[in-house]
2 protein chains.
Amino acid sequence: MGTLPRTVELFYDVLSPYSWMGFEVLCRYQNIWNINLQLRPSLIAGIMKDSGNKPPALLPRKGQYLRRDVMLLSQYHQVPLQFPKDFLSVILEKGSLSAMRFLTAVNLEHPEILEKVSRELWMRIWSRDEDITEPQSILAAAEKAGLSAEQARGLLEKISTPKVKNQLKETTEAACKYGAFGLPITVAHVDGQTHMLFGSDRMEVLAYLLGEKWMGPVPPAMNARL
Amino acid sequence: MGTLPRTVELFYDVLSPYSWMGFEVLCRYQNIWNINLQLRPSLIAGIMKDSGNKPPALLPRKGQYLRRDVMLLSQYHQVPLQFPKDFLSVILEKGSLSAMRFLTAVNLEHPEILEKVSRELWMRIWSRDEDITEPQSILAAAEKAGLSAEQARGLLEKISTPKVKNQLKETTEAACKYGAFGLPITVAHVDGQTHMLFGSDRMEVLAYLLGEKWMGPVPPAMNARL
């Protein structure tokens, strides 16, 4: 390409199914497009509060649509999403604070494994309807991603330190400053300009902004590797 | 293809900029994909009321995003959108009742010209910041689309008849029954199944459902014709 890779930031929360789809698409393209993908674990509850937005599923007709939309997109994106049985309590009551603090700690100490740990947390909550709030749930995801039991416990101990808490706050505030009112958002830095794209359905437009080729949510290089 | 064309319905309101983009994309693909495109003029105000949804622009941060999103998509979709200066009053106060009743009358009497009249109304409100509520505004759009002054006046007289009013109500109710909480919605009838897709950003997924090829919002056959 001859040009330096453009930085693309993905702000996400594992509570959000659309975040998972955006995450997988960008992880697939990070070795195809000339980009430097930066994963930014954020807290969706903080963004909703700061923006005054409400979870779409609270409006019954949006909730019904969201369910079908997520299942259809999951098939097309080849991401194994399944709705948690008690969807609203998982989203509104249990939340993702510990999980996102854990991912923040992973990002601070073992950034090379952040992608895998994030995916394992999504596999729990959004594919197998398993808990992500208890310490043993988070440890199980971390070990499945390749951390040793000791490393995982060490990181878990750090989630209540000011350093980790503040980092998650700062990342969430950064998303708000970019104009987020939900997650995921993708922030592309191209030719001195910053573009914020909301949701998982602007990846084709992201390709256009980057001057890269959009080959669908499952690009051929990815297919070849399967 | 060897198979009968699949019916694809587009429910839209000229008040909605995303409807315009969905409309242009489907109009471009109607001669490329094996589909029978049915245009369904509907009233977005009725759908918002029935579903309990609120216009996204009422949340300040969504409003700011929407403005940039529409302009970026307009460029990528090659649809000449410009924001009306007094956007919120155009959307929330002036509305589109007469315009959508007029399009309903056009659909009843001259369906072959519905696409063109719809486009001319969008060109007024969403490209040139012109009125679409006054009789002379609607007549001007109709004549620009190819109707004679006499035909246009004849149709305008019919917008207060029960037949036209009821037809617009029925179409709007049909959208609600499909689960709409805003516009546009695209309803695809494929192999005995009905799929409702909300917004203008599911056209790639529509192609997937139809087993057709997605070639971006400006397909090559369209480029060739420009």
Side-chain angles (χ1 to χ4, degrees), chain A residues 18 21 25 47-54 56-78 175-182 185 188 190 193-211 213-218, chain B residues 18 21 25 47-54 56-78 175-182 185-186 188 190 193-210 213-218:
Chain A
Y18 293 104
M21 288 187 275
V25 170
I47 290 170
M48 298 309 257
K49 199 177 160 191
D50 192 70
S51 65
N53 199 9
K54 299 261 170 272
L58 291 183
L59 190 83
R61 214 177 276 174
K62 270 194 193 174
Q64 286 153 26
Y65 178 74
L66 187 138
R67 197 172 271 267
R68 281 174 303 167
D69 186 50
V70 164
M71 292 317 293
L72 173 61
L73 291 180
S74 123
Q75 190 187 334
Y76 182 52
H77 285 71
Q78 299 182 24
C176 289
K177 274 189 201 138
Y178 282 129
F181 47 87
I185 64 163
V190 188
Q193 283 202 304
T194 298
H195 303 273
M196 189 277 271
L197 303 165
F198 171 68
S200 62
D201 41 21
R202 291 287 180 275
M203 297 305 171
E204 182 177 348
V205 184
L206 174 65
Y208 163 72
L209 288 171
L210 293 167
K213 196 178 170 196
W214 174 247
M215 295 171 280
V218 189
Chain B
Y18 293 104
M21 288 187 274
V25 170
I47 290 170
M48 298 309 257
K49 199 178 162 191
D50 192 70
S51 64
N53 199 10
K54 299 263 170 271
L58 291 183
L59 190 82
R61 215 177 278 173
K62 270 194 194 175
Q64 286 154 24
Y65 179 74
L66 187 138
R67 196 172 272 266
R68 280 176 303 168
D69 187 50
V70 164
M71 291 318 292
L72 174 61
L73 291 180
S74 123
Q75 190 187 334
Y76 183 52
H77 285 70
Q78 299 183 23
C176 289
K177 275 189 199 138
Y178 282 129
F181 46 88
I185 64 164
T186 304
V190 187
Q193 284 202 304
T194 298
H195 303 272
M196 188 278 269
L197 303 166
F198 170 69
S200 62
D201 42 21
R202 291 287 180 277
M203 297 306 170
E204 182 177 349
V205 184
L206 174 65
Y208 164 72
L209 289 171
L210 293 167
K213 196 178 168 194
W214 174 247
M215 296 172 280
V218 189

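Since the model is a prediction, treat every value here as computed from it, not as a measurement.
Contact detail for A:Ser51 and B:Arg61: the closest heavy-atom pair is CB-NH1, 3.6 Å. Between B:Phe181 and A:Leu59, the shortest heavy-atom distance links the atoms CB-CD2, 4.4 Å.
Going from atom CE of A:Met203 over to atom CG of B:Asp201 covers 12.0 Å, rounded to the nearest 0.5 Å. Interatomic distance, B:Glu204 CD to A:Trp214 CH2, rounded to the nearest 0.5 Å: 5.5 Å.
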Practice task
Take A:Asn53 and B:Lys62, measure what side-chain contact (heavy atoms from CB on, under 4.5 Å) needs, and give me the verdict at the end.
Solution key: CA-CA 9 Å; A:Asn53 199 9; B:Lys62 270 194 194 175; 3.5 Å; yes

Handout entry: Steps toward side-chain contact (heavy atoms from CB on, under 4.5 Å) verdict (B:Leu72, A:Arg202)
Key = CA-CA 11 Å; B:Leu72 174 61; A:Arg202 291 287 180 275; over 6 Å; no

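Between A:Phe198 and B:Tyr65, the two ring planes are perpendicular [angle over 60°; tilted spans 30° to 60°].
Ranked by heavy-atom pairs under 4.5 Å with chain A, the first of B:Gly179, B:Pro60, B:Gly199 is B:Gly179. Among the candidates A:Gln64, A:His195, A:Met196, the residue making the largest number of heavy-atom pairs closer than 4.5 Å to chain B is A:Met196.
Looking at A:Leu209, only its side chain comes within 4.5 Å of chain B, counting heavy atoms on both sides.
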